[in-house]
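Remarks on the structure that follows.
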Amino acid sequence: MSRVLNTKPVDLSTTKDIFVSAVRFAVSIEGPCFPFGDELRISAQEQVDYMLGEDEDITIIMADDEVKSVIRMGVYNIIHSFEMDLSSLLSDPTLEFEAADNRLMRRVSDLEWMCNVLPKMDLMKNFVSNWIAISSKILGIIEDKKLDHVMWGLKVKLIEVTCKVLEAVGYGSVILPAPCRVQLLKAWFPYVRKMKPLLDSKAIEETGFPYKMDEDLCQAIEGAIVSLVLTLPSNDQADILADWIKSREVGYPDLSEAFEVWCYRSKSAKRRLVEGLDDQSDGAISST
């Protein structure tokens, strides 16, 4: 006698609707929901995290074009909102820095959340491309003299988000054309190099100064930058390494490994070129 298994069919449509709704609230596509405010957004982010980790149907759902479209729109929404709030620091003369800082730190928290969940969806490239596109604007604002002595927490958080981007590109989980990789590195490498000693000196000057680049963050950035440098065309590597050599007294990030690899590759390429020219010359002589 055969046994009949009483299995309940999975309703992918319902799961998809729940996931899409959670994403929309998580990235504030629907706008703030009074009176819940941030609590609803944070709960929605936790729901997305849970479904990505526990729901067996999520892989199928992530292949859906509507789901991808909602997530891409969410990435744009969060980054654009952050960009607008950051721009207001210089454009709005009546702005109170404390209130603006609190709002921006909430935005950065959303950016960090995106960096954690997008790799699980294979959509980190969308975030990376948007981040590179606005990097020059971000740095132009955050390095303005008006902000020289304020918003240290925001400055560190920007480095943490950028570390995620550098790791994604440097270690190959996000594939970008060489010009985009160069643009990313040339934008953020000088800023990281400047901020590390500046934060260290602030910690020495002010007892209990809470904002710093801890050892894990420093190692992560250094490793990602070294890896990213080694993916670049030789001429671009040479430009970046030349700038690094000029300011080696800073000591961080240490690109010695990348420099050694570049030297080895350059010597090998030169040797192969010379050998090739010698072979051509020998062939020409033997044919005469």
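Note that the numbering runs from 1 along the sequence shown for the chain.
The shortest distance between side-chain heavy atoms of Ser201 and Phe209 does not fall below 4.5 Å. Counting only heavy atoms from C-beta outward, the side chains of Leu176 and Ile132 approach each other to under 4.5 Å. In this structure, the side chains of Met151 and Leu89 come closer than 4.5 Å at one or more pairs of heavy atoms. Contact annotation: the side chain of Met51 approaches that of Thr15 to within less than 4.5 Å [non-hydrogen atoms, C-beta and beyond]. You'll find the side chain of Asp110 reaches within 4.5 Å of the side chain of Gln45, heavy atoms only. Between Leu184 and Leu228, the closest side-chain pair of non-hydrogen atoms falls below 4.5 Å. Residues Arg107 and Ile78 have side chains not in contact (no heavy-atom distance under 4.5 Å, counting atoms from C-beta outward). Residues Leu230 and Gln237 meet the side-chain proximity criterion, which asks for heavy atoms closer than 4.5 Å.
How far CD of Glu160 is from CG of Leu111: 12.0 Å, rounded to the nearest 0.5 Å. Taking CG from Asp216 and CD1 from Ile221, the interatomic distance works out to 11.0 Å, rounded to the nearest 0.5 Å. The CG atom of Asp85 lies 10.5 Å from the CD atom of Glu83; values are rounded to the nearest 0.5 Å. Atom CG in Leu232 sits 6.0 Å away from atom CG in Leu185 (nearest 0.5 Å). To the nearest 0.5 Å, atom CD of residue Glu222 and atom CD1 of residue Ile225 are 8.0 Å apart. We find the NZ-CG distance between Lys164 and Leu118 to be 12.0 Å, quoted to the nearest 0.5 Å.
Connection of Ile175 to Leu123 is not established within any shared hydrophobic cluster, with ILVMFWY side chains joined at heavy-atom distances below 4.5 Å, either directly or through further cluster members. In the hydrophobic clustering of this structure, Ile141 groups with Met105; members are Ile, Leu, Val, Met, Phe, Trp, Tyr whose side-chain heavy atoms approach within less than 4.5 Å, directly or through other members. Cluster annotation: Val156 and Ile204 are assigned to distinct hydrophobic clusters (Ile/Leu/Val/Met/Phe/Trp/Tyr, side-chain heavy-atom contacts under 4.5 Å, transitive). Ile18 and Tyr50 fall within a single hydrophobic cluster, where Ile, Leu, Val, Met, Phe, Trp and Tyr are joined by side-chain heavy atoms under 4.5 Å apart, directly or via other members. Residues Val165 and Tyr171 do not share a hydrophobic cluster, clusters being chains of Ile/Leu/Val/Met/Phe/Trp/Tyr side chains in contact below 4.5 Å.
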What verdict does the side-chain contact (heavy atoms from CB on, under 4.5 Å) test give for Lys186 and Asp243, after you've listed the backbone C-alpha separation in whole Å, the side-chain angles of each residue and the deciding distance to 0.1 Å? CA-CA 10 Å; Lys186 287 190 172 181; Asp243 289 341; 5.8 Å; no

Quick one, Ser21 with Gln47, criterion side-chain contact (heavy atoms from CB on, under 4.5 Å). Give me CA distance, side-chain angles, the key distance, then yes/no. CA-CA 10 Å; Ser21 295; Gln47 176 65 29; over 6 Å; no

Working note: Thr14 + Asp17, criterion side-chain contact (heavy atoms from CB on, under 4.5 Å); need CA distance, chi angles, decisive distance, verdict. CA-CA 5 Å; Thr14 300; Asp17 290 344; 5.6 Å; no

Under the side-chain contact (heavy atoms from CB on, under 4.5 Å) criterion, do Met213 and Tyr252 qualify, and how do the steps go? CA-CA 11 Å; Met213 293 172 59; Tyr252 179 85; 3.9 Å; yes

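The two atoms that bring Glu66 and Arg24 nearest to each other are OE2-NH2, 4.4 Å, heavy atoms only. Between Ile71 and Met114, the shortest heavy-atom distance links the atoms O-CE, 4.4 Å. The two residues Pro253 and Val192 come nearest to each other via the heavy atoms CG-CG1, 4.4 Å. Nearest heavy-atom pair across Phe19 and Met121 is CZ-CE, 4.1 Å. Trp262 and Ser234 get closest at one heavy-atom pair: NE1-OG, 3.3 Å. Shortest non-hydrogen contact noted between Val67 and Ile61 is CG2-O, 3.6 Å.
The aromatic rings of Trp188 and Tyr191 sit perpendicular to each other, their planes meeting at more than 60°, with 30° as the lower class boundary. Taking the six-membered ring where tryptophan is involved, the planes of Phe127 and Trp131 are essentially parallel, since the angle between them stays under 30° and well short of 60°.
Of the possible polar contacts, none joining the Asp64 side chain to the Ile60 backbone as a donor-acceptor pair under 3.5 Å is found. Side-chain atoms of Asn77 come within 3.5 Å of backbone N or O of Val27 as a donor-acceptor pair. Ser129 places no side-chain N or O within 3.5 Å of a backbone atom of Asn126 that could act as its donor or acceptor partner. Remark: the backbone N or O of Ala224 is not paired with any side-chain donor or acceptor of Glu167 at under 3.5 angstrom. Remark: the backbone N or O of Glu98 is paired with a side-chain donor or acceptor of Asn102 at under 3.5 angstrom.
Under a cut-off of 6.0 angstrom, the local environment of CD in Glu257 is sparse, with at most 12 non-hydrogen atoms contributed by other residues, nucleotides or ligands. Residue Glu96 qualifies as open at atom CD: its count of foreign heavy atoms under 6.0 Å is 12 or below. Glu215 CD: 12 or fewer foreign heavy atoms inside a 6.0 Å radius. Within a 6.0 Å radius of NZ in Lys155, other residues, nucleotides and ligands contribute more than 12 heavy atoms.
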